[in-house]
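Values below: all heavy atoms of this structure, side chains included; hydrogens, waters and symmetry mates excluded.
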Amino acid sequence: MKKKLLSVILTAALAASMTAVGVCATEPDTQAEKNFKVLSIWSDESVDGQILIGMLDKYSEVNPNFTYEYEYVAASDLSTKIATLVSSDDLPDLFAYVAGTPLKNLINADKVVNISEELESLGLSDQITDGAKSIMTSLSGTDDLYDLPFGMNVEGFWYNKALFEEAGAEVPTTWDELLEVCDVFMEKGIQPLATGGADKWPTTRLINAYAYRTMGADATRQAANGEISFTDEGFVAAAQMVADMVEKGYFGEGATTVDNTTAENMLLAGECAMVYDGSWFTSSITADTNPAGEDGIGFMGVPVVDESISPSTEYPMNCGNILCLSKSKYDGATAGFLQYFVENIGDYAMGDYQSVRGYTYTVSDDALSPITKEIVDTITTATGSTAWWEAYLNDETKSAAQDNVQTLINGDMTAEEYMDSIQEAYDLSR
């Protein structure tokens, strides 16, 4: 009921603010005085936070009259925070948000800047890669961009090469082989997998991984559009697959108590053999603090179930959480920052963090680590993509998927009950 009420409040606030007027094609002023307010879900200890803060600091050197306030909010609280700010007509200049339905609501309410129009006026339309543009506009259902990418990610399984060698295991290419490899690791006393169950979304991504390999890349979008049901036997089978893997001990003890950062660190430290994660992980792999070494971690796509339904060259891809500019706050000073940001973030993120962000860059391939180059090549050569589990879902349905996944893998909810809860939340939200 509380989530439903929040949705009603947000919808009402958006509708009431439809008359908000912004400025398009604003002339950038790189010396204008402004205190720039930023709402972020990335702490200054995370790679994402360091990159965003780094760009803000660098622009402050270009424009000494530009200052900023950086506010951090937990990702789980972002929707509530944005709803509150929308209702008070006080969205910050730049804010993190969620692609798909949440962003559509802000677009329909005329609350965010049309990025495509602004970049075209700046002559910078080509700074965002075509792949990022395609993913983002498909999620928003628009011809133009209304958000900035803050990552260009491919998802799959990352594996510790030393543990595979120790166990005499081959990297699996099919899902059956994945299960067989997990059994081999169990026999050797090595934890096969780790998942950030405490953060919820890493585990729902696993369900999505099996669902799209067995149902096709468009399955979740079809369910979100009401064309098929979340109680379809394919979705139930995907939830059951992950629940069975947990029950077999593949994820060790207390999977719901491990957050994603801990799961990543377990892989790097050789405490588990595989982790499902996105290519944002490359920054941790290439860091000097990686105990496995830069060449100690490999990447593989989601193992295939049926090549005719979902081929090996099709990957879950996304642009991460996105960045939006408040239309009511947009002015020459913000245009100046936008210009600097899109011109420089590609090289800054790739050169300093070995991180693909959805922007063009001039960093030479010779300067890239082998794992970073592998990810770039994977993204470039992919023949198809699918979005992540919650991308097409509204807040109520997404919350049900995430909130109940811990109950599922703890064995307190069946796969059927789990998918029923998602369908029920979907029906109530319509």
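Around the CD atom of Glu233, the shell of radius 6.0 Å holds no more than 12 heavy atoms that belong to other residues, nucleotides or ligands. When the shell of 6.0 Å around NZ of Lys161 is examined, it contains more than 12 heavy atoms from other residues, nucleotides or ligands. Other residues, nucleotides and ligands contribute at most 12 non-hydrogen atoms within 6.0 Å of the CG atom of Asp143. Within 6.0 Å of CD on Glu247 lie no more than 12 heavy atoms contributed by other residues, nucleotides or ligands. Under a cut-off of 6.0 angstrom, the local environment of NZ in Lys329 is crowded, with over 12 non-hydrogen atoms contributed by other residues, nucleotides or ligands. Within 6.0 Å of atom CD in Glu170, 12 or fewer heavy atoms from other residues, nucleotides or ligands are found, so the atom counts as exposed in its surroundings. Few gaps surround CD on Glu227; more than 12 heavy atoms of other groups in view lie less than 6.0 Å from it.
Contact between Glu314 and Ser385 at its shortest, heavy atoms only, is CG-N, 4.0 Å. Across all non-hydrogen atoms, the minimal contact from Ile51 to Ala349 is CD1-CB, 4.2 Å. Here the closest non-hydrogen pair linking Ala263 and Ala194 is CB-CB, 3.9 Å. Considering all non-hydrogen atoms of both residues, Ile409 and Val246 come closest at O-CG1, 3.4 Å. Taking every heavy atom of both residues into account, Phe150 and Asn321 meet most closely at CB-O, 3.6 Å. Cys182 and Met274 make their closest contact through SG-CE, 4.0 Å (heavy atoms, listed as atom of the first residue, atom of the second, distance).
In this structure, Gln423 contributes its side chain and Phe230 its backbone to a donor-acceptor pair below 3.5 Å. In this structure a side-chain-to-backbone donor-acceptor pair under 3.5 Å is missing from Tyr315 to Val302. Ser134 places no side-chain N or O within 3.5 Å of a backbone atom of Asp130 that could act as its donor or acceptor partner. Under a 3.5 Å cut-off, the side chain of Ser310 and the backbone N or O of Arg213 do not form any donor-acceptor pair. Put simply, the side chain of Asp232 gets close to the backbone of Gly234: a donor and an acceptor are under 3.5 Å apart. Remark: the backbone N or O of Thr262 is paired with a side-chain donor or acceptor of Asp259 at under 3.5 angstrom.
The shortest distance between side-chain heavy atoms of Leu323 and Asp147 does not fall below 4.5 Å. Side-chain atoms of Tyr70 and Trp42, non-hydrogen and from C-beta on, do get closer than 4.5 Å to each other. By the 4.5 Å heavy-atom criterion applied to side chains, Val242 and Tyr210 are not counted as neighbours.
Using a cut-off of 4.0 Å between Lys/Arg side-chain N and Asp/Glu carboxylate O, Glu166 and Lys188 are scored as not salt-bridged. The existence of a salt bridge linking Lys248 and Asp244 is excluded, since no basic side-chain nitrogen approaches an acidic carboxylate oxygen closer than 4.0 Å. Of the charged side-chain nitrogens involved, none lies within less than 4.0 Å of a carboxylate oxygen, so that Asp126 and Lys133 do not count as a salt-bridged pair.
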(request) Apply the test side chain to side chain donor-acceptor pair (under 3.5 Å) to residues Thr282 and Ser279: give CA-CA distance (whole Å), side-chain angles for both, the deciding distance (0.1 Å), then the verdict. (result) CA-CA 6 Å; Thr282 55; Ser279 54; 6.0 Å; no
(request) Could you please spell out the steps behind the side chain to side chain donor-acceptor pair (under 3.5 Å) verdict for Thr67 and Asn35? (result) CA-CA 5 Å; Thr67 59; Asn35 184 38; 3.1 Å; yes
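Between Phe341 and Tyr59, the distance separating the two ring centers is not shorter than 6.0 angstrom. Under the 6.0 Å cut-off for aromatic ring centres, Tyr361 and Tyr348 do not qualify, their centroids lying 6.0 Å or more apart.
For Tyr392, the ring pair (Phe, Tyr, Trp, His ring centres under 6.0 Å) criterion is met by no residue, not counting sequence neighbours. Looking at residues two or more places apart in sequence or on another chain, you find a side chain to side chain contact (heavy atoms under 4.5 Å, CB included) between Lys200 and Gln402, Asp403, Val405, Gln406.
The aromatic rings of Phe185 and Phe164 sit perpendicular, their planes meeting at an angle over 60°, well past the 30° parallel limit.
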